[in-house]
Amino acid sequence: MSLQEITTRIRAEEKRAGRAEGATRLIAVSKVQPLERIEAVLEQGHRLFGENRVQEAAGKWPDLKARFPGVELHLLGPLQTNKVRQAFGLFDAIHSVDRPKLAATIARIAQEEGHCPALFVQVNTGEEPQKAGVLPAEADAFIAECRALGLTIEGLMCIPPEEEEPSLHFMLLRKIAERNGVTGLSMGMSGDYERAVALGATHVRVGSAIFGARVPPQG
Ligand SMILES: *Cc1c(COP(=O)(O)O)cnc(C)c1O
């Protein structure tokens, strides 16, 4: 599907749901994609991209950013504390804030660097043991802890379990956001972004629907 088609579907879903036009931002998830596919999307004028790994992003984005001014890059995958400073240099947003040690490191480095990417707290809405994110029952306390460290929480992020109806997870994420006064909702991927838009997503993260299947596949 083309970027244009996906954007059209997002706008249609916003309208159906009674949301403002443009209320949802489309993050093109470019992890493991061949460079020429990423360049093609940049050449169409798209500037908001997502990557899963700091190292992989460091290998391709400095050059792409120099060639295509105005790129905004979001980190979607897990972040190790020893990569936080490098992440600050590469990313405009981090969607995977999920533990006290990481929050504390981000707060310290934000102070040292004098700036901070936009921060999203990842919530493990499906309570899957292998998945990152704070548990729903721990989310309120963790958001409060981040705020006590001086961090601004821009939004919440979730990746629903593959076998489950994503809408339930999107609704849970939204409920947690609302009761904590958090406005951003990073939810919805290639298979379910329209439902996420209907349920209030401010950021959808779409990879394979834009770029084609990832080869080799990566989580
Ligand atoms: C890979 C990935 C996506 C995009 O997945 P698609 O199904 O290809 O759209 C979105 N969010 C995260 C966190 C990812 O790792």
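None of the values given here were measured: they were computed from a predicted structure. Both ligands and their constituent atoms are indexed starting at 1 by order of listing.
- Checking S2 against Q4 by side-chain atom types alone, no donor-acceptor pair falls below 3.5 Å.
- For the salt bridge (charged side-chain N to carboxylate O under 4.0 Å, His left out) test, no residue two or more places apart in sequence or in another chain qualifies with R47.
- Near I159, with a cut-off below 4.0 Å to any heavy atom, the atoms of ligand 1 are 13 (C).
- For K65, the salt bridge (charged side-chain N to carboxylate O under 4.0 Å, His left out) test picks out no residue, with sequence neighbours left out.
- Shown are D140, V121, L156; of these, the side-chain contact (heavy atoms from CB on, under 4.5 Å) with V134 is made only by V121.
- Taking a cut-off of under 4.0 Å to the non-hydrogen atoms of R205, the atoms of ligand 1 that pass are 4 (C), 9 (O), 10 (C), 11 (N), 12 (C), 13 (C).
- Within ligand 1, the atoms closer than 4.0 Å to a non-hydrogen atom of N52 are 14 (C), 15 (O), numbered from 1 in the order shown.
- If you check each of M189, E162, H203 against atom 5 (O) of ligand 1, the one with the closest non-hydrogen atom is M189.
- For the pair A209 and ligand 1, the shortest N or O to N or O distance does not fall below 3.5 Å.
- If you look at K31 next to ligand 1, the close heavy atoms, those under 4.0 Å, all belong to the side chain.
- Every atom of ligand 1 is numbered from 1 in the order shown, and the set under 4.0 Å from a heavy atom of V206 is 9 (O).
- Of the possible donor and acceptor atoms, none in the side chain of S208 sits under 3.5 Å from a partner among the backbone N and O of A213.
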